[in-house]
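Have a look at the structure below, then the notes.
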Amino acid sequence: RPGHLTAHTRTHSGAQVFACDKAGCEHEAPTASDLKKHKRTHTGERPYACDEPGCSYSAAESGVLKRLMRTHSGERPFHCDEPGCGFNATQAGHLKTHKRTHSG
């Protein structure tokens, strides 16, 4: 779809065409969905709720909830490819940090 390419191109150009309308906030975003996520910082809306029994956590973004769900399930999908290393992580950034231990 042409609209998707336009929105994607903005991530590279730095164009910020969607402005927050909250008084005093100068945040601008490249896409309408990014602006919608930002607005939750003002409203406190957390529409993504954990369905694990006994857990009352909710998140403003689906990806944050997905990371939490890995703590419940034990899933660690990011694996170190260094021979003999069995490190696995719940987040790509944690794996990236870990890999530095191999390179010094």
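Only heavy atoms go into these numbers, but all of them, side chains included; no hydrogens, no water, no symmetry mates. Keep in mind it's a predicted model, so treat the numbers as computed, not measured. Position 1 is the first residue of the sequence; numbering continues from there.
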Discussion item. So T97 and H94, do their side chains get closer than 4.5 Å, heavy atoms only?
Written reply: no
Fill in: Gap between atom NZ of K66 and atom OG of S73 - 0.5 Å precision
11.0 Å
Discussion item. Between F87 and H102, is there a side-chain heavy-atom distance shorter than 4.5 Å?
Written reply: no
Worksheet item: Quick one: NE2 on H27 to CG on D21, what's the gap to the nearest 0.5 Å?
Response: 12.0 Å
Worksheet entry | Shortest non-hydrogen contact from D34 toward P30 | OD2-CG, 3.4 Å
Could you tabulate the donor-acceptor pairs under 3.5 Å formed by side-chain atoms of residues 46-60, not counting sequence neighbours?
| unit_1 | atom_1 | unit_2 | atom_2 | d |
| --- | --- | --- | --- | --- |
| R46 | NE | S58 | O | 2.8 |
| R46 | NH2 | S58 | O | 2.5 |

Response to the item:
Here the gap from E61 atom CD to S33 atom OG, rounded to the nearest 0.5 Å, amounts to 10.0 Å
Worksheet entry | Spacing of E28 atom CD and H38 atom NE2 [to the nearest 0.5 Å] | 10.5 Å
Worksheet entry | Spatial distance of atom OG1 (T90) from atom CZ (F78) [nearest 0.5 Å] | 8.0 Å
Item to complete: List the atom of H79, the atom of L95, and the distance in Å for their closest heavy-atom pair.
Response: O-CD2, 3.6 Å
Worksheet item: When rounded to the nearest 0.5 angstrom, what distance separates CD in E75 from CZ in R70?
Response: 5.0 Å
